[in-house]
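Structure record follows, encoded as structure tokens.
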Amino acid sequence: MKKFPNDFKWGTATSAYQVEGGNDNSNWEVWAKNQNITSAGIACDSFKRYPEDIELMKSINLNSYRFSIEWARIEPQEGMWDIKALDYYKDLIIRLNENGIEPFVTLFHFTLPLWVEKIGGFENKQTIKYFVRFSEFIAENLQGNVKYFITINEPVLFASLSYLRGYWPPCKKNVFKFFAVKRNLEKAHIGTYRKIKEIYEKYEWDQPQISVSQNISYLKSMDIISFVYCKLLDYILNYSFLDHIKDYLDFIGLNFYFYEEISLFHKNVSLHSSVSIEYSDKNNKQSYNFYPESIFNVLQVLYKRYKKDIYITENGISDPTDKIRSKYINEYLSSVYRAIKNGIPVKGYFYWTLIDNFEWLDGFNAKFGLAFIKNEKRILKRSGKDFSNIVKRNGLL
Ligand code: FCB
């Protein structure tokens, strides 16, 4: 059997806006409604049903859970703190800890309070200060019950989709803004990192571990001439952010989904994404591609470059029929195991995601969950059961 280290963290990852429901003060909710596209609405209703989420996690034997705190819920207006909202997160964290599930708390996972969006979001340097203040409020009030923080989820992907490619709010297409937002997010991370450390020191709580979750794609150059271009993309999209904040990272958080083939001659040669699978019903054939060895390569690069512990803070697949997910998880975990055997300190694996939830521009069409909701009940899928066996054995057969 391929045994994982005894203290390995097994979890699932979610984000507040994608699961909680009722985040009416979040910019995405208002933007989606204005665009006439699906918004999260009540999502998985986890704001009310979080005890059921915890039961589900227990049935999968998980010992960790990554979720985010919705800034718009905590500070719906500038300087106005919603204590009821805070109580929800406090209770969630207490219950997780009581059940032996380690909370990994993300502070920014793509969505902003409306008042922050109004002042220009992370395009505006002021937002850095406000974000650090929000993080300070959270750290103080969680009273040392959280040992792991992710300040920002996928900063470069966020900056790129929102300010360069124009897909996500505020839908801008401006390379200068992309770099400015990226830079401000670096500063926001560093400010938050320092502030949280300072608070934990002040109260003499055990020092927390703080990082970001960086989405890294494995990029493969398809010809000699595209090699330099590929290297440049690799640096800007995958590593420059981490390079700039590397003195303020206690571990590396890796979100891994993509294997991409890069060529200057063919635009968008291919993006082999684990994110969605095409099904063709006609001949009942499924076509899918995934490249589990690519995560091994990325883990190698990350360790060589930063010499830090690594947590895979997201990895997953949208698989509507649940036929491929177990194989996907097995193969990616085999690669992770190989990395560990090669001396790379991978400390945890968080599958994205616990329950089918709201998936940004795809609305509720994507099905990443280990469970689904039917008649208001959380029901574990076959792949969820398979994953629970891996976790229980702490290893792969
Ligand atoms: C990641 C995001 C997460 C979810 C998954 C499928 O890039 O961090 O919110 O959308 O993709």
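First listed ligand is number 1; within each ligand, the first listed atom is number 1.
Contacts between Asn153 and ligand 1 below 4.0 angstrom, taking non-hydrogen atoms only, involve the side chain exclusively.
Both cation-pi conditions hold for Arg338 and Phe296: the charged atom is under 6.0 angstrom from the six-membered ring centre and inside a 45 degree cone around its axis. Taking the centre and axis of the six-membered ring of Phe179, the NZ or CZ atom of Lys177 falls outside the cone set by 45° and 6.0 Å.
Between His109 and ligand 1, a contact under 3.5 Å exists for at least one N or O pair.
Interface of Phe368 with ligand 1, defined as ligand atoms under 4.0 Å from a residue heavy atom, comprises 6 (C).
Separation of atoms CD1 (Ile317) and CD1 (Ile329) is listed at 9.0 Å; rounding is to 0.5 Å.
Between Phe122 and Phe131, the two ring planes are perpendicular [angle over 60°; tilted spans 30° to 60°].
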